[in-house]
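Written out below as structure tokens is the structure these notes cover.
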Amino acid sequence: MGGEKKQKNKIKVAFPHMGTISIAWAAALRKMGIEPFIPPYTSKRTLSLGTKNSPEAICLPYKLILGNFIEAIEGGTDYVAMITSPGICRLGEYGKNIKNVLKDLGYDANYIELNLYNGFSGMWEFLSKLTGNNNPITIIRAINIAVRKVFAIDEVESFYSYYRAREIHFGDSEKAYKKALKLIDNALTTKELKKALKQGLKEIAKVEINKNKEVLHVDLTGEIFLVLDQFANQNIEKELGRMGVQTRRSLTVSGFLKDAIIPKMCKKGETHLERAFRMAKPYLMRDIGGDALECISDVMYAKEKGTDGLIHVSPFTCMPEIMSQNIFPKMREDVDIPILSLIMDEQTGKAGYLTRLEAFVDLMRRKKMKNKLALKIN
Ligand code: SF4
């Protein structure tokens, strides 16, 4: 298939953005001898291209992905690769729609699907179909480096979150974090990756912080794309960091991979999905698509961990997350943890959204002080 359009070593393949995921895709493609085509990071232009060519009520990730593909094709990619799912939610329809829209717009790029929900075999099938290379060693190496980069990035992200909430000079930890990502991106082998991760964490650890600062801890949950993509969530973690809040993402790509790709014998402990089935009861008894089951269980998990609050971010019209938002009021009656639900779409203005964040942070701070005081009195 790879040879249909160009010489194998010249094929350019683009994936849509979702936070920093392009680093992992790029590593897998390079290992297979393909040139990763990284479209410009999502911008207002991307959003406007996507929105213009999308049904009005479709969820925000669809619009952003379509915009990424249009920009990738304009930039000269040969293939656009889309993740699909058999899904109960709209993700199951994304692929077919996007393929048709690109065709209607007259774009000349091959469209290829990756069914990540088929786990390891889905990834294998995708890479071999794309390159015509069935060499198991090459494919395993490609998957291995991509998965390891995902884990490395998640480790860096959570380290960064600690420093961002405590930094003395605003922006220092972000600069160090970007350096760490660059190091991880440049690593070509697992040995180099280990070194890059160590060096990246060192860079972040150099940032001057106030270790005694009273920070708040917030769990971030919701629809996975919105949780991970800083354009889609309007850089929520950076804003919270500025307000002295350390965030912990309840949904991560490494967590997803543990459930979707990594073989059982290589996993340690309970995965996020396993925990979700255990902790979402009795509020939600089964998987209803998207990340709803995980979100409901994340409230209970946040409570168990003593987190100061939980923020739920989701796209406007996202069906599974509409269900979660309707379950939260009942949970609030039983579980004493502040929950803020933020619904995002292309109309969401930054000022109003920041006001809601500030008010929520204020509420958590007052609640924390009240609890402290009550403890002292007792
Ligand atoms: S989970 Fe929600 S936002 Fe994501 S694809 Fe499904 S319906 Fe759309």
Side-chain angles (χ1 to χ4, degrees), residues 15-21 42 46-47 49-51 53-70 80-102 111 113-118 122 219-234 236 249-253 255-257 259-260 272-273 276-277 280 283-284 286-299 310-328 339-348 353:
F15 274 93
H17 286 287
M18 181 177 78
T20 50
I21 193 73
T42 312
T46 321
L47 174 60
L49 283 170
T51 308
N53 296 294
S54 301
E56 198 190 334
I58 195 113
C59 33
L60 184 62
Y62 175 95
K63 294 173 185 170
L64 298 178
I65 290 170
L66 179 61
N68 283 155
F69 281 159
I70 295 176
V80 290
M82 177 65 201
I83 293 169
T84 60
S85 94
I88 315 171
C89 82
R90 289 192 193 121
L91 183 57
E93 298 303 312
Y94 269 23
K96 271 180 261 162
N97 281 356
I98 286 180
K99 191 176 173 186
N100 289 338
V101 171
L102 292 177
Y111 170 90
E113 284 184 351
L114 160 58
N115 192 342
L116 249 193
Y117 291 77
N118 276 354
D219 280 6
L220 200 59
T221 191
E223 194 268 344
I224 191 163
F225 192 99
L226 267 278
V227 172
L228 301 182
D229 192 80
Q230 65 269 30
F231 180 85
N233 66 33
Q234 304 211 14
I236 189 167
R249 294 177 186 174
S250 296
L251 287 134
T252 56
V253 181
F256 170 78
L257 292 182
D259 280 306
H272 192 195
L273 193 58
F277 274 108
Y283 302 99
L284 191 57
R286 66 178 182 93
D287 189 359
I288 55 165
D291 305 294
L293 190 75
E294 286 89 337
C295 292
I296 296 301
S297 71
D298 289 341
V299 176
L310 177 128
I311 299 180
H312 174 261
V313 277
S314 64
F316 180 56
T317 77
C318 168
M319 295 172 296
E321 297 318 324
I322 290 173
M323 298 291 286
S324 318
Q325 284 148 26
N326 280 291
I327 297 171
F328 289 152
I339 305 173
L340 174 69
S341 266
L342 293 170
I343 302 167
M344 322 287 278
D345 71 358
E346 63 272 21
Q347 315 285 353
T348 308
Y353 149 90

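We number each residue from 1, following the sequence as shown. As the structure lists them, so they are numbered: ligands from 1, and atoms in each ligand from 1. All of these numbers come straight from a predicted model, not from anything done at the bench.
Applying the 6.0 Å contact sphere to CZ of F316 captures no more than 12 heavy atoms from other residues, nucleotides or ligands.
Across D291, T252, D298, a single residue satisfies side-chain hydrogen bond (donor to acceptor under 3.5 Å, both in side chains) together with H272, and that is D298. A side-chain contact (heavy atoms from CB on, under 4.5 Å) with L228 holds for exactly one of L251, V253, T20; it is V253.
No side-chain donor-acceptor contact under 3.5 Å links Q234 and T348.
Below the 2.8 Å limit, atom 4 (Fe) of ligand 1 has as protein N, O or S neighbours E223 OE2.
In this structure the side chain of I58 never reaches within 4.5 angstrom of the side chain of T317, judged on heavy atoms.
From the protein, the heavy atom lying nearest to atom 5 (S) of ligand 1 is Y94 OH, 3.4 Å.
With respect to the salt-bridge test (charged N to carboxylate O, under 4.0 angstrom), the residues E93 and R90 do not qualify.
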